[in-house]
Undergrad: 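Next up is a structure, given as structure tokens.
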Amino acid sequence: MDKFRIRGGKSLHGTIAISGAKNSALPAMAAALLTAEPVTLRNMPMVRDIVTMGRLLAFMSATVSTKEIPATDYVIEAKSLNEAVAPYELVKTMRASILTLGPAIARSGVAHVSLPGGCAIGARPVDLHLAALENMGADITTEHGYIQARVSNGGRLRGAHIVFDKITVTGTENILMAATLADGETILENAAREPEITDLVHLLRKMGADISGDGTATLRIRGVQQLHGAEHSVIPDRIEAGTFLVAGAITCGDLTIDNCAPEHLGSVLEKLKQAGVMIESPSPTSLRVRGARKLIAADLTTEEYPGFPTDMQAQYMALATQADGVSTVTETIFENRFLHASEMMRMGAHITIDGRHAVVRGPAKLSGTIVQASDLRASAGLVLAGLVASGETIIDRVYHIDRGYERRIPLLVERGPARGSRALGGSGGDSILRWAFSRRRNQAKIAARDQSDGHLRVPILADVPSLRQRSRGMLRATALQARRADARIGIPSAAEVLGPGAGSRSRPRSDLFCI
Ligand code: EPU
């Protein structure tokens with residue numbers, strides 16, 4: 001199993017370009033199910049959740065193609081949706097699979113999506129998604145762990161007035177997508193306002209949807225008969241940018257963060273500045289962070305956008321362990337999102353938890369040890385704590401971090417001691433970070449192909465033999481479809497893909513992969 005080994009105690013200097021937002025890319029991929037025409041998505045992050053979503057869409061009969069793996073551009077074409085099924089084996093690895101529910105039922109009048117269940121950060125029900133779809137005329141039952149949704153009214157949802165009891169990001173996205181093909185107008189109140197939702201609205205508009213109110217809590221969607229293909233570049237990942245801002249601040253480094261959207265980071269920038277971090281914006285798409293020698297404690301409450309994001313809470317907690325004074329961190333979005341705190345305490349942090357509040361007393365001398373990552377953002381928090389800990393920190397279960405971060409910290413260089421590293425007994429070793437660079441290994445797993453009968457194949461769902469068989473069959477068909485569509489979507493022809501020895505065991509010459 002992959003682990004990260006971090007030797008803490010040096011400051012980080014350099015420039016890093018931020019990738020596309022995972023939480024924009026996932027709904028954008030699901031939105032491609034709304035049309036039979038190809039949707040081209042650019043600036044996609046090279047992270048595991050994107051590959052998982054690609055597999056899920058392929059399972060649902062869409063063609064998902066890309067010229068290389070890992071890829072930043074994808075073409076998704078859902079000519080038909082024979083199987084509007086999102087199986088448990090895929091949904092359990094990524095809750096965002098629920099995003100296929102809205103588009104699938106809107107497009108084909110029927111959907112079978114596994115219930116995602118709880119996860120490390122909370123129970124995370126989907127009751128609000130289901131109630132809204134019922135409001136739009138869907139008959140929904142949940143049996144054997146699956147959501148079975150069907151529309152009797154000629155297979156078409158009808159517009160409705162929906163008021164969410166609670167703000168939900170994927171709930172808003174699901175209903176937004178479903179409403180684009182509904183009969184009549186849908187008004188969605190108490191909608192989430194995250195930039196990822198506005199980005200989805202921009203894509204849907206390019207596909208022909210009629211939506212107004214983006215960026216506000218009330219969205220108005222007038223359903224259209226059908227949507228068409230489009231090209232879209234997803235917005236930069238504000239959480240990745242925020243994580244690197246904390247990396248620069250906590251190590252007392254000097255980082256320039258390029259290709260980001262500072263306007264999406266308002267509450268994060270404000271909180272970091274309050275904690276004494278120096279941040280400037282040298283251009284409209286970049287930020288420069290310089291750590292202050294002394295960080296100051298500041299309380300934090302997570303909130304829906306434009307408030308401070310829950311997805312930055314673990315990273316902020318790592319920073320708070322190094323700040324002078326008492327910081328109270330209040331988590332209001334998820335009921336169980338402090339698992340990283342106990343691991344930070346094992347590293348020497350002074351934290352007490354009382355329900356939704358964590359009281360952090362700093363500055364603490366952290367020392368490296370073996371810690372367990374429990375979810376994506378908790379892992380990021382532990383990496384940041386490892387950067388300022390003395391000695392070596394081993395982070396176990398890093399597959400969590402691969403879900404949402406590209407492994408690019410090794411591109412940064414260490415220079416000089418980090419904040420208080422001498423006092424902390426910093427290792428002063430040759431390299432602070434030996435962040436396992438095993439993306440290649442993951443790529444190999446994804447990209448392995450069997451050319452024996454001239455078909456591209458991708459091994460998926462290795463642990464589930466029956467599903468694997470079925471999925472492989474579909475992927476073969478998918479690969480063939482992709483090749484048939486070559487001319488139209490401008491990817492190499494089948495002959496180029498397979499080389500002159502197509503049908504033999506010769507190695508392919510092309511860089512086309514289908515997932
Ligand atoms: N909730 C309900 N019922 C519902 C839906 C949500 O009670 O039907 C509750 C949840 O249990 C939670 C709160 O409402 O307490 C907010 O949940 P929300 O639905 O907004 O979360 P989500 O859509 O499942 C997305 C992101 C998360 C991010 C949250 C909050 C994606 C794919 N996921 O999740 O991202 O933490 O919004 O901003 O967009 C991550 O990237 O690490 C991550 C977890």
Side-chain angles (χ1 to χ4, degrees), residues 19-31 45 47-50 52-53 56 91 93-102 113 115-135 140 142 147 162-177 188 190-200 217 234-235 237-243 264 267-268 301-316 331-337 339-340 356 373-381 399-405:
S19 56
K22 166 183 85 75
N23 289 348
S24 259
L26 292 170
M29 292 176 87
V47 300
R48 194 156 52 95
D49 274 8
I50 299 303
T52 306
M53 184 59 105
L56 176 57
V91 174
T93 65
M94 188 190 63
R95 293 182 48 88
S97 310
I98 191 71
L99 286 166
T100 56
L101 177 64
V113 176
L115 276 163
C119 75
I121 61 177
R124 304 184 75 182
V126 290
D127 55 318
L128 301 173
H129 305 224
L130 303 189
L133 287 173
E134 280 177 334
N135 223 324
I140 298 186
T142 51
I147 301 161
I162 293 156
V163 184
F164 278 134
D165 288 345
K166 192 170 186 177
I167 297 174
T168 159
V169 174
T170 48
T172 300
E173 291 163 346
N174 242 334
I175 304 310
L176 179 60
M177 291 189 278
L188 196 50
N190 204 24
R193 287 182 286 161
E194 269 65 6
E196 292 76 18
I197 297 200
T198 305
D199 198 33
L200 177 62
V234 303
I235 56 170
D237 197 310
R238 62 194 166 101
I239 305 301
E240 190 192 23
T243 303
H264 297 159
S267 57
V268 172
T301 300
T302 61
E303 284 167 354
E304 294 88 358
Y305 191 83
F308 191 95
T310 173
D311 291 344
M312 278 296 299
Q313 180 256 106
Q315 299 88 315
Y316 182 81
E331 171 60 53
T332 69
I333 308 294
F334 293 111
E335 65 273 22
N336 193 28
R337 212 174 194 180
L339 289 178
H340 44 277
R356 294 202 165 209
S374 53
D375 80 88
L376 169 56
R377 308 304 173 186
S379 321
Y399 51 84
H400 288 295
I401 212 161
D402 285 337
R403 291 189 46 206
Y405 288 92

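For ligands, and for the atoms within them, numbers begin at 1 and follow the listed sequence. In what follows, residues are counted from 1 in the order of the sequence shown. Model, not experiment: these values are computed from the prediction.
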Undergrad: Would you check the N or O atoms of T170, main chain and side chain alike, for any that come under 3.5 Å of an N or O of ligand 1?
TA: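 So ligand 1 has an N or O lying under 3.5 Å from an N or O of T170.
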
Undergrad: Using a 4.0 Å heavy-atom threshold (strictly under), name the region of K166 that reaches ligand 1: side chain, backbone, both or neither.
TA: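 Contact part for K166 vs ligand 1: side chain (C-beta onward).
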
Undergrad: Closest heavy-atom contact between V234 and D199?
TA: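 What the structure gives for the nearest pair is CA-OD2, 3.6 Å.
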
Undergrad: Quick one: does P125 get within less than 4.0 Å of ligand 1, heavy atoms only?
TA: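 Yes, P125 has a heavy atom closer than 4.0 Å to ligand 1.
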
Undergrad: Can you see which heavy atom on L56 is nearest to which on T100, and at what distance?
TA: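 Shortest heavy-atom contact: CD2-CG2, 3.8 Å.
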
Undergrad: Please confirm whether H129 comes under 4.0 Å of ligand 1, counting heavy atoms of the residue only.
TA: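 It does; at least one heavy atom falls under 4.0 Å.
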
Undergrad: Of R377, H400, R48, which meets side chain to side chain donor-acceptor pair (under 3.5 Å) against Y405?
TA: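 Of R377, H400, R48, side chain to side chain donor-acceptor pair (under 3.5 Å) with Y405 is met by R377 alone.
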
Undergrad: Is it the case that ligand 1 has an N or O less than 3.5 angstrom from some N or O of R377?
TA: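 Yes, R377 has an N/O under 3.5 Å of an N/O on ligand 1.
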
Undergrad: May I ask you to check whether G171 has an N/O atom sitting below 3.5 Å from an N/O atom of ligand 1?
TA: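 Min N/O separation from ligand 1 is not below 3.5 Å for G171.
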
Undergrad: Does an N or O from D127, backbone or side chain, lie closer than 3.5 Å to an N or O of ligand 1?
TA: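 Such a contact does occur with ligand 1.
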
Undergrad: How does V169 reach ligand 1, if at all, at less than 4.0 Å between non-hydrogen atoms: by side chain, backbone, both, or neither?
TA: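 It is both backbone and side chain that touch ligand 1.
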
Undergrad: Which atoms of ligand 1 have any heavy atom of T310 under 4.0 Å away?
TA: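 Ligand 1 atoms under the 4.0 Å threshold to T310: 30 (C), 36 (O), 38 (O).
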
Undergrad: Need the ligand 1 atom indices (1-based, order shown) with element for anything under 4.0 Å from a heavy-atom of L376.
TA: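 Listed by number with element, the hits are 42 (O).
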
Undergrad: Can you name the closest pair of heavy atoms from F164 and L188 and give their distance?
TA: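 Here F164 and L188 meet closest at CE1-CD1, 3.7 Å.
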
Undergrad: Quick check on contacts: which atoms of ligand 1 are under 4.0 angstrom from a heavy atom of L128?
TA: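 Ligand 1 atoms under the 4.0 Å threshold to L128: 3 (N), 4 (C), 8 (O).
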
Undergrad: Can you name the atoms of ligand 1, numbered from 1 with element, that are less than 4.0 Å from a heavy atom of I333?
TA: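 Within the 4.0 Å cut-off of I333, ligand 1 contributes 12 (C), 13 (C), 15 (O), 16 (C).
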
Undergrad: With heavy atoms of A96 as the reference, note each atom of ligand 1 found under 4.0 Å away.
TA: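 Those atoms are 32 (C).
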
Undergrad: At less than 4.0 angstrom from any non-hydrogen atom of K22, what atoms of ligand 1 do you find?
TA: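 Listed by number with element: 40 (C), 41 (O).
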
Undergrad: For R337, is the nearest heavy atom under 4.0 Å from an atom of ligand 1?
TA: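 It does; at least one heavy atom falls under 4.0 Å.
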
